[in-house]
Structure formats: structure tokens, C-alpha cells
Amino acid sequence: MPYAMVPIYTQTVGAGGIASITFNNIPSTYTDLKLMASPRDASALIGNFFNISFNGSSANFSARFLNSDGSTLGSSAAYNRIAGEYSAANSTANTFGNIEIYIPNYTSSNFKPYIADSVSENNATTAYSDITAGLWSNAAAINSITLAANSGTIVQYSTFTLYGIKNA
Amino acid sequence: MAMFPIASKVVTTTGVTVLTFDNIPQNYTHLQLRGFSRSANASSTGDSIYLGNFKSDNTLSGCAYHYVYASGSGIGLNAYTAQAYVVAGFIPAAQNLSNVFAASVTDILDYSSSVKNKTFKNTVGWDDNGTTSALPYITFGSGVSVYLGTSPMTSLGIYVNNSFAVGTRYDLYGVMTSPVTGA
């Protein structure tokens, strides 16, 4: 019986941290992709966010998000590659974000939409939650995905898993 | 295959105030809790759903949570610290339209880690076809248990004001990862 959801790749950040993670050579045999991440950042912030790239390209992206910082609700299209907010160094120690990014029809010849929902946590008023809808205006099939910290370094123990979703 | 059913809790009698997943296997990487729930509280149209008891010791303490919501009354957000539970969201109660239950999904990543606090991501919501003006609710938010800290999560309790309605169900799934990095 075929499986609907299969883990393709997992990366765990080692000592010293890293500025970005990339999944290369993504198989074209699935219908959709799902990326789940548990990251933390070394930046002197309560929360940081990822910029997403496909196939090594950061061109032709647009995005809109709805977000909360614990005090204020907002919406913006100012960050065209945003793909999830997560905890950073000024948040409660050892606390990591929780992000899910969904990319349907990643091999089609249509433009590529993605949605991301993400939370950071913090034992204080300020914590971030985001829902994002983004678009890569490119007809190419996606064969690699990069998540780059908007600033700073993704710290040790951050984890990222890419899943393939297969339809009937 | 990535996702495996661990256990299900179904309410078949009245008076059930808590559903607990005990002895959670530690061989998965992430957990996902999916819910179909309603409160039996005859004095209310909606109740909070709480998550707690993450350490198999029935201690309810040291939680922070944040959420955004939209309801019939408008939109808003809340932030709480030093709470006994993580509030995951709101579910319909007995004064609400019959047969209406809330849907929910909670993701808990790296739940068995010994170096990370466990951040919950919760989505809970329902609609009641215009039955109530102030409700229903959709919430999206997060939680963390400072009390659990970096200890592995071995249990998960789901609480409600009053009791759960018969027919309430929660399913716990384990999610695996890949040994291949793709780097």
C-alpha cells in the first residue's frame, strides 16, 4: 500500500550553528511537499524569521502574512520571502519555534504557492505567531529548498524535516 | 511512512473531565494531536480546552501560552505566563447548536528531546451556522511548559471546564523523520 506522507530528508544543526539549511535533489515523485522545523536563532532578538528560496533562486517571490507579537495583530507584504517566525536568543532559554510549510504541486508547470504557519514561544508577553501565504512566480519544478535566517545563525539542535506527500 | 497512530481517546459516557495519553512512546520525533471535541457544560455556549500534565506527575504548573483569535465578537490576541495549563483554544458547549464539535490540530516537535523545551502549535475552531452571535471561535497559537522544561514529554492531558460531551475524540500520532540529510 503506498504511503501518503514520507520523510525525505532531515537535518539537525550541529555545534556552531549555521546561517541556512538547504535540501537538494528533492525527488519529483511526490505530489506536494511539507517541511516541519523546530528552530532557534542566535540573534539578539525575541524572534527571527526565515527567508525561503527555491532552486537557489531568491527572485520572483511575494508573500503576505498575518501575525501577532503577543501585543499587536498585524498584516504585511513587506517581506517577500518570509516563511515562518521562530524563537531567538532573547526568548526563554532552550525554547525553539514550531513551523510548518506546505508546498502543493511542486513539480507542476504552474507558479508555486506555499503556506506557512509558525509560532515562537517565550515565557513573557512577546511571542510570535504567523500565517503566511507566498508565491514563487516561476514555472520550474522545485528541486531544492533553502531556509535562511533573516539575520544571525540558526543554533545547534534546530531540526528540519522535508516530507513528500503523495495523493491517490 | 511518516505518521503512525499511537492511541485514541473517545468519550462514551458522561462526566469525563480529562483525557490523558500516558506512557507516550519515545521512539518518534514529533507528535500530532488531532481532536473532535465538545463540552457538556450546560451553563455555557463555549469552553476552553487545556493541555497539561506533560511529565506523568499530574502537576499543572509553569505554562506560558499565546494565541490569536477570531469570534463573532471580533478579533484579538492574548498572552499568558505562569499558568497551570496551555490553553489550546475554545470548543462549543452544551448551550451551542447540537451536534457541533470543534476541530483541532496540535503539533509538538522534538517532544522527546532532552535539550529543548517543547513548543506547542495549536489550531482549534468551530462554526455554528449563526447560532450564537459572540461565538464561535477560531484560535491559532502556541504554548510551552517551563515546568516540563527540557525533560522528555511522557504524557499529555486534555482538560475542559465541566466535562467532555459524549462523542469527543482525540487521536495522538507519532511522526518520524529521515536518516538522509539531502544537504
Side-chain angles (χ1 to χ4, degrees), chain A residues 1-12 21-26 34 36-38 40 66-73 86-87 91-100 117-131 144-145 156-165, chain B residues 1-4 28-30 32 62-70 74-83 86 105-111 113-123 138-151 173 175-183:
Chain A
M1 184 171 105
Y3 297 132
M5 181 164 141
V6 177
I8 304 173
Y9 299 128
T10 297
Q11 293 186 25
T12 300
I21 67 100
T22 297
F23 292 113
N24 287 310
N25 302 310
I26 297 172
K34 174 170 157 173
M36 297 176 73
S38 172
R40 184 176 172 90
L66 166 68
N67 84 322
S68 162
D69 64 2
S71 300
T72 307
L73 280 172
Y86 57 100
S87 305
S91 68
T92 302
N94 306 315
T95 302
F96 289 64
N98 187 328
I99 299 176
E100 178 173 320
D117 59 83
S118 66
V119 298
S120 69
E121 252 300 338
N122 186 27
N123 193 22
T125 299
T126 303
Y128 297 95
S129 54
D130 282 11
I131 305 174
S144 78
I145 298 171
Q156 186 181 22
Y157 309 124
S158 297
T159 61
F160 303 80
T161 298
L162 183 68
Y163 297 89
I165 310 288
Chain B
M1 186 160 136
M3 200 156 152
F4 297 83
Y28 300 102
T29 308
H30 308 315
Q32 185 170 90
C63 293
Y65 61 89
H66 303 74
Y67 62 84
V68 301
Y69 69 87
I75 60 173
L77 71 170
N78 279 308
Y80 292 93
T81 61
Q83 302 293 302
V86 169
V105 177
T106 293
D107 285 300
I108 309 153
L109 305 188
D110 294 327
Y111 73 101
S113 169
S114 60
V115 295
K116 301 167 80 164
N117 292 345
K118 319 306 178 282
T119 298
F120 294 72
K121 177 162 62 76
N122 305 306
T123 306
I138 172 73
T139 60
F140 173 67
S142 60
V144 66
S145 170
V146 180
Y147 171 74
L148 173 64
T150 57
S151 299
Y173 296 86
V175 182
M176 302 293 283
T177 52
S178 172
V180 184
T181 67

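In the text below, chain A, chain B and the rest are named by the order of the sequence lines, each starting its count at 1.
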Asker: Above 12 or not: heavy atoms from other molecules or residues under 6.0 Å from OH of A:Tyr157?
Answerer: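 Counting other residues, nucleotides and ligands, OH of A:Tyr157 stays at 12 neighbours or fewer.
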
Asker: Using a 4.5 angstrom heavy-atom cutoff, name the option from A:Leu162, A:Asn25, A:Thr72 with the most pairs to chain B.
Answerer: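 Most pairs with chain B among the choices: A:Thr72.
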
Asker: Exactly one of A:Asp130, A:Ile131, A:Leu73 should register a side-chain contact (heavy atoms from CB on, under 4.5 Å) with B:Val68. Which one does?
Answerer: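 Considering A:Asp130, A:Ile131, A:Leu73, a side-chain contact (heavy atoms from CB on, under 4.5 Å) with B:Val68 is found only for A:Leu73.
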
Asker: Using only atom types and a distance under 3.5 Å, with no angle test, would you say the side chain of B:Asn117 pairs donor to acceptor with the backbone of A:Ala93?
Answerer: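 The answer is yes, because a donor-acceptor pair under 3.5 Å joins these two groups.
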
Asker: With a 4.5 angstrom heavy-atom cut-off, which part of B:Val144 approaches chain A: side chain, backbone, both or neither?
Answerer: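 The answer is both parts of B:Val144.
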
Asker: List the steps and the verdict of side-chain contact (heavy atoms from CB on, under 4.5 Å) for A:Leu66 and B:Phe140.
Answerer: CA-CA 11 Å; A:Leu66 166 68; B:Phe140 173 67; over 6 Å; no

Asker: So which part of A:Ser87 gets closer than 4.5 Å to some heavy atom of chain B, the side chain, the backbone, both or neither?
Answerer: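 For A:Ser87, no heavy atom lies under 4.5 Å from chain B.
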
Asker: My understanding is that only one of B:Leu109, B:Thr177, B:Thr29 makes a side-chain contact (heavy atoms from CB on, under 4.5 Å) with A:Met36; could you say which?
Answerer: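 Between A:Met36 and the candidates, side-chain contact (heavy atoms from CB on, under 4.5 Å) is satisfied uniquely by B:Leu109.
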
Asker: To the nearest 0.5 Å, what is the distance between OG1 on A:Thr161 and NE2 on B:His30?
Answerer: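 Going from the OG1 atom of A:Thr161 to the NE2 atom of B:His30 covers 4.5 Å.
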
Asker: With a 4.5 angstrom heavy-atom cut-off, which part of B:Thr181 approaches chain A: side chain, backbone, both or neither?
Answerer: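 Backbone plus side chain of B:Thr181, per the 4.5 Å heavy-atom cut-off to chain A.
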
Asker: With sequence neighbours left out, write down each residue that passes ring-ring contact (aromatic ring centres under 6.0 Å, His included) with B:Phe120, or none if nothing qualifies.
Answerer: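 Checked B:Phe120 against ring-ring contact (aromatic ring centres under 6.0 Å, His included); matches are B:Phe54.
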
Asker: For each of A:Asn123, A:Val6, A:Thr126, tally heavy-atom pairs with chain B at distances under 4.5 Å, and name the one with the top tally.
Answerer: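 It is A:Asn123.
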
Asker: Do A:Val119 and B:His66 make a side-chain contact, defined as non-hydrogen atoms from C-beta onward lying under 4.5 Å apart?
Answerer: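 Result no, sub-4.5 Å side-chain heavy-atom pair not found.
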
Asker: Do you know which of A:Gly164, A:Ser68, A:Ser120, A:Ser144 has the most heavy-atom pairs with chain B at a distance under 4.5 angstrom?
Answerer: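 Going by pairs under 4.5 Å, I would pick A:Ser68.
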
Asker: Verify the distance criterion only: is there a donor paired with an acceptor across the side chains of B:Ser142 and A:Glu121 at less than 3.5 Å?
Answerer: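 Per modelled atom types, B:Ser142 and A:Glu121 side chains form a pair under 3.5 Å.
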
Asker: Out of A:Ile99, A:Thr10, A:Asn67, return the one with the most heavy atom pairs under 4.5 angstrom to chain B.
Answerer: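 Heavy-atom pair counts peak at A:Thr10.
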
Asker: Go through the structure and list residues passing side chain to side chain donor-acceptor pair (under 3.5 Å) with B:Lys116, not counting sequence neighbours.
Answerer: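 Result, side chain to side chain donor-acceptor pair (under 3.5 Å) vs B:Lys116: A:Ser38, B:Asp110.
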
